[in-house]
Protein chains: 2
Amino acid sequence: MTDSGIGIDIDIDTSRNAPATLHDVAREAGVSLATASRTLNGSTRRVKDEYRKRVLEAAARLDYSPNLSAQAVARGTTTTVALLVADIADPYFSSIAAGVVAEADTAHLIVTMAATERDPERELELVRTLRGQRPRVMILAGSRPTTDPTGGALVEELRAYERSGGRVVLISRNELALRTVLVDNRRGAEALARELVGIGYRRFAVITGAEGLRTAADRVDGFRDGLAATGGELRDADVIRDAFTRDGGYSGMRALLERGLEGVELVFAANDVMAVGALSAIRDSGLAPGTDVAVAGFDDIPTVRDITPALTTVRVPLEELGHRALRLALADTDADAEGPVQTEVVLRESTPGISR
Amino acid sequence: MTDSGIGIDIDIDTSRNAPATLHDVAREAGVSLATASRTLNGSTRRVKDEYRKRVLEAAARLDYSPNLSAQAVARGTTTTVALLVADIADPYFSSIAAGVVAEADTAHLIVTMAATERDPERELELVRTLRGQRPRVMILAGSRPTTDPTGGALVEELRAYERSGGRVVLISRNELALRTVLVDNRRGAEALARELVGIGYRRFAVITGAEGLRTAADRVDGFRDGLAATGGELRDADVIRDAFTRDGGYSGMRALLERGLEGVELVFAANDVMAVGALSAIRDSGLAPGTDVAVAGFDDIPTVRDITPALTTVRVPLEELGHRALRLALADTDADAEGPVQTEVVLRESTPGISR
DNA sequence: CAAGTTGTGGGAAGCGCTTTCTCGACGACG
DNA sequence: CGTCGTCGAGAAAGCGCTTCCCACAACTTG
């Protein structure tokens, strides 16, 4: 087509520029567009072997690859799932993302990803943008403050999206009345508290995220419950709030140290990245984490096995969260038939225990 | 439309089901489809303020969101960039992904992501699938073995994609003659070797990935160069090959320890996740990493600041890699005008030095 | 053997958009 | 006052597909 016409031109397809269309394939195979379409996608209609073969060969010869956008507009439905996370580089979210991507792959869906950077306004805007894609599913991970004023608009937007046939799944943020993969944060933290008291700790401090962060709040509440039941002590002044990130954990711990530990034996950070930051802060101040002051986290992100001291934490099956979110979205039922995701306390060296 | 017609129904739009189309907006605004289209996207044509206003209001009232698939098919071009990584949960790739997503955001592009799981066949298949999306850009991160038999098919596929107007960018895998964001692995490793010899180390071992992995090979070669220039010693028997992952690092180190260190003072792992695994292996065997045997890595993934001992490594600006990959794809030039990405040696406690 | 059934190919409408082209309205100019 | 330009709205032709519908042939039936 594009070559000058003179000269030997064997592989005609490689000299073309635009990708082959179904039209090209049909022409090449000497059949109608309809027949070509029916052969190259799982239509219910049968196509005689003779034709089918010709179409398949033509498609291979032209290196045909169906235009997904065109299919989407013709079919009125896409094969896309949109995933919103706070921060892709955060191991918590990247593990979840890995699960979503893996599950999507088995369902022959394509994942598009965006990062909210923990900014509620950005999140809202991203949801709006991504709606344009008409994804089959939208998965939102990472809780937003319940106090946020744009929360209503977000819900409204998600509802509108659902009304138009989309499926929304939230991961670990049940504040909205939408499909949710629930993590039993409360029970997990409670179990952790019990175990820690069991190995001898009595005086605790907590480093958590901003007020209104549901996940963080549940974990702290659960922890409190566990302590209350077993006689552990957590004073209000020993609950520190900071950013829900590694650096937040660092500076929260720093603040605690500067003020003076005042008998605190163990610091519970509401997630692992914060705990990791806290560990570094302890070390930087010349103390030995684990022995001088114990630390526990939540999530069991992959790296905490490898830090020293290895971190005591509550395991959340993060990749599984991603898998479940997508399965839930694709399921017929509204509710999560599998129930809340169970967690498991993992004691490691960062809480060696105290013998009394 | 769907409601029974009786009763007060104020916000008409929320009761609809299908998302509003441009057609709906045009009708609502009392203008033609063309005018609506021109107002709602940056066309070159002017639309009179009066009409413009009516369209904008109608769009807002109907909560109109343009169907990206339809736009793509009408315009013959999408706003998508496809990103292929080996493993999303790996901090190396998730950092790169974060960079790509951030850069895509500023360019108003949408990122779709897939994981090859380090399987060359899968990679090829994913490229084929993703071509159907007609992405503007495809970014492939994570090197594949140069020895892989499907390599030719991959290149052919990518070439075909480029011929049809797409842009391909590879990250740190220059084996193919395609646009590439190059990391100066060789120079980085060389500088690392020099510094390590400078602080007293003489006998080295290396844990690296499978033969044929370009990135790994460059790092090892550079390391060798640096040693050769400064009198460090690396025996062939002390080069261990294993998987290019955390667990590969662990088992590689394990193998080295079981065989006996035989005077090796420092182990260089070809990437940080391997180094982290090696550190754990050392610890698990009862030795003290850093003091009994030093360890160095490569990449400077975020977590290595927080492990103990903090890991000596070569910093690669991972997020920046993602940014540059997309910028390069979108640039007019073929070559990377910014030159190879520079690295920087970061000495930390895992290599305290040896005084002689 | 006429009158249904089935099975399968192809024509054409249509999905939601963009963009070319047509054409009327209006102002400037000689 | 007639003629040209220019501006800008709208009709309509696509973009690459899917799918409804019709046509026709080959079979069944009673």
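The figures that follow rest on heavy atoms only: side chains count, while hydrogens, waters and symmetry mates do not. Letters A, B, ... mirror the listed sequences (proteins, then strands); counts begin at 1.
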Side chain to side chain contact (heavy atoms under 4.5 Å, CB included) involving B:E57 - partner list, sequence neighbours excluded = B:K53, B:R61
query = Salt bridge or not for A:D63 and B:R128, using N-O below 4.0 Å?
reply = no
task = Kindly give the heavy-atom pair with the smallest separation between A:F93 and A:D87, and that separation in Å.
result = CB-O, 3.4 Å
task = Say whether A:T112 and A:Q133, considering side chains only, have a donor N or O and an acceptor N or O under 3.5 Å apart.
result = yes
query = In whole Å, what is the span from the CG atom of A:L62 to the C1' atom of D:dC17?
reply = 16 Å
ask   = What's the shortest heavy-atom distance between A:A97 and A:M113, and which atoms?
value = CB-CE, 4.0 Å
key: Charged N-O contact under 4.0 Å between A:E162 and A:R179   = yes
ask   = Is any side-chain N of the basic residue among B:R327 and B:E103 closer than 4.0 Å to the acidic one's carboxylate O?
value = yes
note = Result for 5'-nearest mapping on DNA chain D, choosing between B:R75 and B:Y51, is B:Y51
message = With a 4.0 Å cut-off on N to O distance, would you call B:R54 and B:D49 a salt bridge?
response = no
inquiry  = If you take any heavy atom closer than 4.0 Å to DNA chain D, which residues from residues 32-40 of chain B end up in contact?
reply    = B:S32, B:A34, B:T35, B:R38
task = Could you tell me the separation between the CZ atom of A:R45 and the C1' atom of D:dC17, rounded to a whole number of Å?
result = 17 Å
note = At a 4.0 Å cut-off to heavy atoms of chain B, the contacted part of DNA chain C spans C:dG16 to C:dC21
message = With nearest nucleotide decided by heavy atoms, which residue, A:A70 or B:D49, maps closer to the 5′ end of DNA chain D?
response = B:D49
